[in-house]
> 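Got a structure for you, written out below as structure tokens; questions coming shortly.
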Amino acid sequence: MHQGQILLLLLALCFALAAGLIGCFALMKRMLLASDVISHLALPGLGAAFLMKVNPLYGGAVTLFLGTYLVWQLQKKTGMATDASIGVVFAAALAIGAAVTPRGDLIDALFGGLQDVNWLGFVLGAAGSAIVVVAVFLMKDRLTLSTFSTELAASSGIRVDRLDLAYLLIFSLTVLIGLRFMGALLASSLIILPAAAARQFAGRLSLFFAISAAISVVSILAGFFLNTFLFHLSTIAPVTVMFAALVFAASLAVRRAW
Amino acid sequence: MHPSLLLMASSETILTVEKLRVGFDHQVVIDDLSFEVHKGDCLAVIGPNGAGKTVLLKALLDLVPHEGEIRWSQGARLGYVPQKVAADRQQPIRLIDLLAAKAAVRHLPPEDIATVTAEVGLAPQALKNSVGHLSGGQFQKALIAFALLGRPNVLLFDEPTASLDELAEEHTYDLLHQLQQEKGMTVILVSHDLSVVYRYATQVLCLSKVKMCVGPPKELLTPAMLEELYGGPSKFYRHIHDD
């Protein structure tokens, strides 16, 4: 393995850890599918950056965070449900993204082919992952209460709207880190699948977090090595996601057998 | 203590509401409502569906936007038991996780959890159960324990027994009464059950589109008043006498 590959693997593992943790709350908040499309908010920025020949991830970051903030504002100002507000913003973002992204780059943007990791990219990505992990840890209690009941959370002194924004932002940060190797379409799959599989086994929160993070990390490892030595696809995303889906299927089977 | 001092202490105002107005989507739910609650009172909020009883509690907790004034006296600590919480079985949240999360958010010592669980009469084993799998009675006790965490001196209770069988209902009210008596808690209670109101409330607040009034239950809960409040022949009156 050359240095770029090692950096890519290390960065992917950081992303996996963040994704596995953030997914647990997305599952409990019943916003897994809604959050799936958050990753598409990056598409207009990726496309515009491709057009302007700048690092696509910078463009993706801009529209991803703008879109996330718009989702939160829509939800707060109109009282829309999270999935409805995400759905509206998603549809617009996808259309703009499809219009501006050069045809040749569209596949990379959608499925992740931006795999040349330099030191700067690695440091930024690892720092982003660390922020997500620390934020989840710090907000764990408040998120647990607001997930259970927003009213009880508010009556316990929690500013639920701010907490929602903070959660959406670290969610988007996770997606952004994953965009490089997973693409706009698959970035959130490692947020969804490990949490869904972990839920089959975990009867308590701490175990839920641990199992989900572990499945996510193992999926990236499996995806990376299977792809490098067996499948040789241009991106590790498909193999990683298929592996995570198999783990989920296995978790269902094991649960039934119990 | 001198009797007049005692009287002063017991009539200390803990909550003052003036000209409260709450509305959603251009529809006014509560308009021009003023009342006071004194320390140690059990104020029952009664009225027909849609009169804004739950909304009033939420306004008192500052959970919904409102106009007018709501003044809690200094040192008032509120505990809230909502009407219903739809516990999601998808969530692997155990009762201990929930109580520990509140204790952490409010910087309370962890041993308070055992204290409130014992106070509501929940067995310690129930703490390890998933919240979504508690029975109706246990869940209600869990919600009360959640409210008691943080040592409130005011409890706001919304239809506490709506989903309980009669025995569990009886237990809940006994517990409520005990908290009020032993700890001198102020209780604000929304209830449909007028026999309960008659038995436990020291003050009644009637809320409806046509009428708002405050007073002791014996004065307010007359057949004529109830008919006016609920806008129909008063079967509630008979209910009180059945009891």
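Protein chains get the first letters and strands the later ones, always in sequence-line order, with residue 1 at the start of each.
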> With a 4.5 angstrom heavy-atom cut-off, could you sort out which part of A:L27 is near chain B: side chain, backbone, both or neither?
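For A:L27, side-chain heavy atoms alone lie under 4.5 Å from chain B.
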> Given the options A:G203, A:S156, A:A153, which has more heavy-atom pairs under 4.5 Å with chain B than any of the others?
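When all of A:G203, A:S156, A:A153 are compared, A:S156 has the most.
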> To the closest 0.5 Å, what do you measure between CZ (A:F148) and CG (B:L98)?
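Here the rounded value is 5.0 Å.
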> Side chain, backbone, both or neither: which part of A:A154 has an atom under 4.5 Å from a heavy atom of chain B?
both
> What part of B:K128 is in contact with chain A, defined as an atom under 4.5 angstrom from a non-hydrogen atom: side chain, backbone, both or neither?
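For B:K128, neither part sits under 4.5 Å from chain A.
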> Roughly how far apart are B:R106 CZ and A:D141 CG, rounded to 0.5 Å?
13.5 Å
> Can you tell me which of B:L78, B:L61, B:V105 forms the most heavy-atom pairs within a distance under 4.5 Å of chain A?
B:V105
> Using a cut-off of under 4.5 Å on heavy-atom pairs, state which of B:P92, B:A101, B:G150, B:A147 scores highest against chain A.
B:P92
> Has B:R77 got more than 12 heavy atoms of other residues, nucleotides or ligands less than 6.0 Å from its CZ?
yes
> Please classify the contact between B:L143 and chain A as side chain, backbone, both or neither, with a heavy-atom cut-off of under 4.5 Å.
side chain
> Measure from the side-chain N and O atoms of B:Q91 to the backbone N and O of A:T147, and report whether any donor-acceptor pair falls under 3.5 Å.
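Indeed, once roles are kept as given, a pair shorter than 3.5 Å links the two residues.
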> Tell me, for A:T150 versus chain B, whether the close heavy atoms (under 4.5 Å) come from the side chain, the backbone, both or neither.
neither
> Which answer fits A:L152, side chain, backbone, both or neither, if we ask what part of it has an atom under 4.5 Å from a heavy atom of chain B?
both
> Answer yes or no: does atom CZ of B:F24 have more than 12 heavy-atom neighbours from other residues, nucleotides or ligands under 6.0 Å?
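Yes, because the 6.0 Å sphere around CZ of B:F24 holds more than 12 heavy atoms from other groups.
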> Please round to the nearest 0.5 Å and tell me the distance separating atom CZ of A:R204 and atom CG of B:D97.
8.0 Å
> Taking atom OH as the centre, does A:Y69 end up with more than 12 heavy-atom neighbours from other residues, nucleotides or ligands that are less than 6.0 angstrom away?
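Not buried by this count: 12 neighbours or fewer within 6.0 Å.
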> With a 4.5 angstrom heavy-atom cut-off, which part of A:R199 approaches chain B: side chain, backbone, both or neither?
side chain
